[in-house]
Amino acid sequence: MTARAAKTTARSLAADAAAILARLGVGADVLRAGPHLVRSPVSGEEIARLRTDDAAGAKAAIGRAHAAFLAWRLVPAPKRGELIRLLGEELRAAKEDLGRLVSIEVGKIRSEGLGEVQEMIDICDFAVGLSRQLYGQTIATERAEHRMMETWHPLGVVGIITAFNFPVAVWSWNAALALVCGNALIWKPSEKAPLTALATQALFERATARLRGQGVGVPDGLSTVLVGAREPGETLVEDHLVALISATGSTAMGRAIGPRVAARFGRTILELGGNNAAIVAPSADLDLTLRAVAFAAMGTAGQRCTTLRRLFVHDSVYNALMPRLQQAYRSVPVGDPLAEGTLIGPLIDKAAFEAMQRALADATAAGGKVTGGERVDAGFGPEAHYVRPALVEMPTQAGPVEKETFAPILYVMRYRDFDEALRLHNAVPQGLSSSVFTNDLREAEMFLSARGSDCGIANVNIGPSGAEIGGAFGGEKETGGGREAGSDAWKAYMRRATNTINYGRTLPLAQGVKFDVA
């Protein structure tokens with residue numbers, strides 16, 4: 001592609017994004033309203049300049065959200081679920097547009113952009129059903145003519161801080177559950193991906209208008225987007241009216257947020273770093289393993305929190321698997337994520353590219369043998385950062401292998417003993433996702449047992465990436481311990497009350513205590 005053609009493409013990306021946003025309800029004036037520069041990693045070119053929210057603006061938004069919460073908590077949960085059903089309808093209608101906007105703003109290939117929106121639709125479906133299943137329980141009591149039970153109540157304002165790599169899906173995991181649970185939302189998207197947040201908010205407002213048309217009172221300020229870097233996020237973290245902070249990002253970010261929220265006795269859901277690993281056992285189906293490893297390690301240009309970053313391969317299958325894996329790395333199509341056939345799009349920015357190159361240099365210094373990792377000219381010029389995924393054969397798990405580099409680097413190491421592979425697998429600070437490839441029942445069960453993977457997600461014969469919304473998502477150790485979507489994750493967005501009702505005429509005390517005053 002010539003430089004002139006690249007410039008034309010860049011200009012068309014900006015126009016494309018503006019047209020999509022207009023169709024979804026975001027006016028053109030918003031895209032040129034302020035100083036916040038938004039670039040598309042596809043071309044590296046400017047696509048918008050947005051107004052930012054300062055601490056005062058964030059504080060005002062929190063006040064409005066709290067007022068909205070006080071009203072929304074009184075709306076019956078199934079009616080709250082109706083809002084999420086309508087949001088799901090809006091997302092279905094806008095799937096093509098919003099999916100393409102995801103690709104433009106963060107560089108995902110087309111199927112992944114569409115898949116992210118499908119994930120939003122799926123969690124809406126899940127949450128609609130949940131709105132009629134916010135169950136407490138009746139508890140056996142030792143006191144005659146008494147009933148004991150637990151009830152669940154809305155929590156308050158939920159602050160959602162999201163990362164660039166899943167710019168809308170992670171918001172939806174939190175938002176759909178938090179809203180049916182009776183809470184209000186304030187969303188601080190990544191400064192690298194605010195346009196998709198504005199588009200999603202516009203769709204939410206459409207759903208809100210439709211619910212009001214049904215005669216259901218929906219308060220203003222129920223969901224707000226704050227655009228900016230640190231300032232609005234820090235305001236959310238510090239404000240006591242924000243009952244829960246759900247934050248997705250680096251472990252360093254979690255270390256900064258966690259203690260500050262805890263200091264005011266707020267709640268957190270932290271989804272942080274993941275240095276995810278897989279074990280390839282002697283009995284593994286190598287065809288299946290190759291496909292699973294390729295997607296898990298290279299998909300989204302290695303910019304998923306669940307990306308496969310470490311691979312332990314048994315000696316007996318190492319020489320059979322590695323040449324095939326190296327060929328996949330050499331031949332995988334890298335380029336324009338909006339073009340048909342592309343499997344690897346760009347890194348998000350220059351900083352990500354430089355971090356990848358530093359990690360590869362460190363790996364080489366530690367004795368690693370690198371396949372790939374070089375920059376790829378996709379025809380967009382120097383501001384777009386495309387790379388060939390890197391496969392690094394390492395002698396030991398040391399140096400950069402023990403750290404998470406948010407780029408497509410897969411470190412491969414040999415093993416002989418399954419227990420030793422498990423020890424190495426668990427010997428990193430992070431604990432998000434994991435997998436084993438084996439047809440040995442004992443190995444599979446051991447991997448899933450208490451002595452096996454120490455991660456929040458443990459899989460057999462699939463990779464660590466690509467979680468469904470039906471299962472609670474999150475990890476252990478430096479991954480933060482939070483859970484989103486699926487299972488009973490809804491309880492994080494509510495407060496629990498234990499209630500005891502005395503329907504008799506006596507007052508027996510628990511544990512046989514006697515306290516007669518008359």
Side-chain angles (χ1 to χ4, degrees), residues 1-14 16-17 36-48 100-110 112-113 116 163-167 189-196 229 249-250 273 297-305 307-309 329-339 341-364 370-392 400 403-411:
M1 184 183 292
T2 66
R4 186 172 185 178
K7 287 180 180 178
T8 300
T9 303
R11 284 198 298 271
S12 69
L13 279 180
D16 196 356
H36 184 76
L37 176 62
V38 183
R39 294 183 181 274
S40 169
V42 176
S43 63
E45 297 294 318
E46 176 185 325
I47 55 175
R100 185 172 179 86
L101 187 61
V102 168
S103 294
I104 291 170
E105 188 166 42
V106 301
K108 288 189 174 185
I109 62 173
R110 187 168 179 273
E112 288 195 65
E116 183 162 351
F164 77 85
N165 60 329
F166 279 86
S190 167
E191 62 270 25
K192 299 174 184 179
L195 297 182
T196 43
S250 67
M298 294 189 283
T300 325
Q303 297 172 121
R304 287 180 178 235
C305 49
T307 290
L308 178 61
R309 307 200 184 280
Y329 268 68
R330 292 188 187 103
S331 61
V332 66
V334 179
D336 181 353
L338 297 169
T342 298
L343 293 181
I344 310 295
L347 295 175
I348 190 66
D349 56 21
K350 181 180 180 181
F353 172 75
E354 291 175 343
M356 179 178 179
Q357 298 310 306
R358 285 194 300 271
L360 292 177
D362 291 344
T364 300
V370 179
T371 298
E374 69 275 10
R375 192 164 183 179
V376 173
D377 182 4
F380 291 106
E383 297 302 320
H385 295 85
Y386 292 81
V387 293
R388 183 153 295 284
L391 189 65
V392 186
K403 304 172 184 176
E404 180 189 37
T405 300
F406 221 56
I409 303 174
L410 178 61
Y411 301 106

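Of the inter-residue distances, the one linking E112 atom CD with T300 atom OG1 reads 3.5 Å to the nearest 0.5 angstrom. Note that the CZ atom of R304 and the CZ atom of R309 stand 11.0 Å from one another [nearest 0.5 Å]. We find the CZ-OG1 distance between R100 and T196 to be 15.0 Å, quoted to the nearest 0.5 Å. With rounding to the nearest 0.5 Å, the separation of CD in E383 from NZ in K350 is 7.5 Å. In this structure, CG on L13 lies 6.5 Å from CG on L338, to the nearest 0.5 angstrom. Note that CG of L308 and CE of M298 are 10.5 Å apart. Values are rounded to the nearest 0.5 Å.
Judged by distance alone, the side chain of S103 and the main-chain N or O of K108 form a donor-acceptor pair under 3.5 Å. Remark: the backbone N or O of D336 is paired with a side-chain donor or acceptor of T342 at under 3.5 angstrom.
Taking each heavy atom of P189 and P194 in turn, the nearest pair found is CG-CA, 4.2 Å. Across all their heavy atoms, E116 and N165 have their closest contact at OE1-O, 4.1 Å.
Between Y329 and L410, the closest side-chain pair of non-hydrogen atoms falls below 4.5 Å. Between R388 and I344 the shortest side-chain heavy-atom distance does not fall below 4.5 Å. Side-chain atoms of V38 and E105, non-hydrogen and from C-beta on, do get closer than 4.5 Å to each other. Between V106 and K192, the closest side-chain pair of non-hydrogen atoms is not below 4.5 Å. The shortest distance between side-chain heavy atoms of V102 and P167 falls below 4.5 Å. Between F166 and C305 there is no side-chain heavy-atom pair separated by less than 4.5 Å. At a threshold of 4.5 Å between non-hydrogen side-chain atoms, the residues F380 and P41 do not count as touching. Residues V334 and P389 have side chains in contact (heavy-atom distance under 4.5 Å, counting atoms from C-beta outward).
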